[in-house]
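Here is the structure we will look at.
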There are 2 protein chains.
Amino acid sequence: MVKEEFKLDNQLCFRLYTASRLLTQAYHPLLSKYGLTYPQYLVLLVLWEKDAQPVNDIARRLLLETNTVTPLLQRMEKEGILTRAKGKKDGRQMIVSLTKEGKALQKKLADVPFTVGNAVVCESVTPKTFPDLFRMLDDIIGHLGGDT
Amino acid sequence: MVKEEFKLDNQLCFRLYTASRLLTQAYHPLLSKYGLTYPQYLVLLVLWEKDAQPVNDIARRLLLETNTVTPLLQRMEKEGILTRAKGKKDGRQMIVSLTKEGKALQKKLADVPFTVGNAVVCESVTPKTFPDLFRMLDDIIGHLGGDT
DNA sequence: TATATTTGCATCGCGAACGATATAAACAGA
DNA sequence: TCTGTTTATATCGTTCGCGATGCAAATATA
């Protein structure tokens, strides 16, 4: 018999990994309709909150490396969702701004949060228990260096 | 102002996605020492529990598609961690078995669950609250088709 | 038995993630 | 000012993750 700590059913990381994948898959049909991927949707969330940000700020907000975000932004630029322009103040920065089309996606995707929100609600995960789950996930993220 | 449901800080999926990535990163230094990735470690967990399984069973256990698992197993085969052999009962199946080296990794990685377990413990995530977190994640996974 | 369908696995293509490295702009100190 | 360092971004290579597709073995049906 394998030791308890090696059993798949006792792994927190496997649960997070699987839950993340499955929930991301729930977004897929809603986003692919507009040629978007889930990470691209995250970039839109960031830019809808605050337009015209340098690559670095977007990457930090998403806790991703710039070498992940740069190609992602390049693809979105090619799709006409955003523009990338050299910073005037600081020539090293690339300022990322939404195009008209990128802004318009907000209305087209208006139902996405609700659709996915409804899909995820189940026995022990409800609006009532969301704060508990959020707190635990935020603690994990903060603890593993997500706040640096 | 952007609507509440579009704020990054209100997204469950982004939290799961980030927590999953960061926790997986915590495994990285421990696994790369032996040339392993986290998904490869998951395959080992499955095979340590039950050796000599067809590709399909491994994929189902990890809730992954076979087109994800097959190349992963091929890489592990090339590393000498496991073998893949056509099934005798059913010629379509590929039976995946651990090599001596694959079995030996269990002892070499004995400290991994504890190291990562200690790393993740924080304010609201402790052995005491693990069951709550596990239940919520399992509900999400089961609800999103993870049991099919 | 001949044919159609299903099943198990593999291949291909693309978009993430990320470590390692490169490049140019900004900055700091002599 | 010249030079070394830091900072912001980009490029490259490898490994997932998965949709789409292909193929061969097994199974069902006529």
Side-chain angles (χ1 to χ4, degrees), chain A residues 13-14 16-29 31-33 35-43 53-60 62-79 81 84-96 145-146, chain B residues 13-14 17-29 31-33 35-43 53-79 81 84-96 145-146:
Chain A
C13 190
F14 175 59
L16 288 171
Y17 162 82
T18 303
S20 168
R21 279 192 311 105
L22 293 179
L23 191 46
T24 300
Q25 284 174 24
Y27 280 90
H28 187 260
L31 299 178
S32 65
K33 234 191 317 190
L36 292 171
T37 65
Y38 180 70
Q40 290 175 8
Y41 175 69
L42 291 181
V43 168
Q53 297 190 52
V55 174
N56 225 349
D57 288 15
I58 298 174
R60 259 201 296 272
L62 298 178
L63 302 178
L64 290 167
E65 302 297 319
T66 63
N67 55 0
T68 296
V69 173
T70 291
L72 209 152
L73 294 172
Q74 288 171 337
R75 282 187 284 270
M76 294 176 80
E77 184 182 32
K78 217 162 59 179
E79 298 295 321
I81 297 168
R84 304 183 314 129
K86 217 168 192 176
K88 293 208 170 77
K89 257 186 9 199
D90 187 332
R92 295 168 301 181
Q93 292 185 334
M94 281 294 264
I95 306 297
V96 180
Chain B
C13 190
F14 175 59
Y17 162 81
T18 303
S20 168
R21 277 194 312 105
L22 293 179
L23 191 47
T24 299
Q25 283 174 25
Y27 280 90
H28 187 261
L31 298 179
S32 65
K33 234 190 315 186
L36 291 171
T37 64
Y38 180 69
Q40 291 174 5
Y41 174 70
L42 291 181
V43 168
Q53 295 191 53
V55 173
N56 223 349
D57 288 14
I58 297 173
R60 260 202 294 272
R61 188 88 171 89
L62 298 178
L63 301 179
L64 289 168
E65 301 298 319
T66 63
N67 56 357
T68 297
V69 174
T70 291
L72 208 151
L73 294 173
Q74 289 171 339
R75 283 187 285 270
M76 294 177 80
E77 184 182 31
K78 215 162 63 180
E79 298 295 322
I81 297 167
R84 303 184 314 130
K86 216 167 191 176
K88 293 207 171 78
K89 253 186 10 198
D90 188 331
R92 294 168 302 181
Q93 291 185 335
M94 281 294 264
I95 307 297
V96 180

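What you are looking at is a predicted structure, and each value in this text was computed from that prediction instead of being measured. Order of the sequence lines fixes the chain letters, A, B, ..., with proteins taken first and strands second; residue numbering starts at 1 for each chain.
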Do the side-chain N or O atoms of A:Arg92 get closer than 4.0 angstrom to the phosphate oxygens (OP1, OP2) of D:dA10?
no
Which residue in the set B:Lys86, B:Gln93, B:Met94 passes side chain to side chain contact (heavy atoms under 4.5 Å, CB included) when paired with B:Asp90?
B:Gln93
What's the shortest heavy-atom distance between A:Leu73 and A:Val43, and which atoms?
CD2-CG1, 3.8 Å
Sugar-phosphate, base or nothing in reach of A:Asn67, heavy atoms under 4.0 Å
base
Any base atoms under 4.0 Å from A:Pro54, or only sugar-phosphate, or nothing? Heavy atoms, all strands.
sugar-phosphate
Just how large is the angle between the end axes of the helix from C:dT1-D:dA30 to C:dA30-D:dT1, five pairs per end, to 10 degrees?
10°
Protein-nucleotide distance (A:His28, atom NE2; D:dA20, atom C1'), rounded to Å
12 Å
Establish, with yes or no, whether the OP1 or OP2 oxygen of D:dT9 is under 4.0 angstrom from a side-chain nitrogen or oxygen of A:Thr66.
no
Do any side-chain nitrogens or oxygens of B:Thr37 fall under 4.0 Å of OP1 or OP2 in D:dC16?
yes
Going through the checks in order, is the side chain to side chain contact (heavy atoms under 4.5 Å, CB included) test met by A:Leu64 and B:Arg21?
CA-CA 9 Å; A:Leu64 290 167; B:Arg21 277 194 312 105; 3.3 Å; yes
Measure from the side-chain heavy atoms of B:Asp90 and tell me the nearest of D:dA10, D:dA8, D:dA25.
D:dA25
Can you name the salt bridge (Lys or Arg N to Asp or Glu O under 4.0 Å) partners of A:Arg75, sequence neighbours left out?
none
Measure CG/B:Leu42 against C1'/D:dC16 and give the value in whole Å, please.
12 Å
Which two nucleotides bound the region of DNA chain C that has atoms under 4.0 Å from heavy atoms of chain B, read 5' to 3'?
C:dT7 to C:dC18
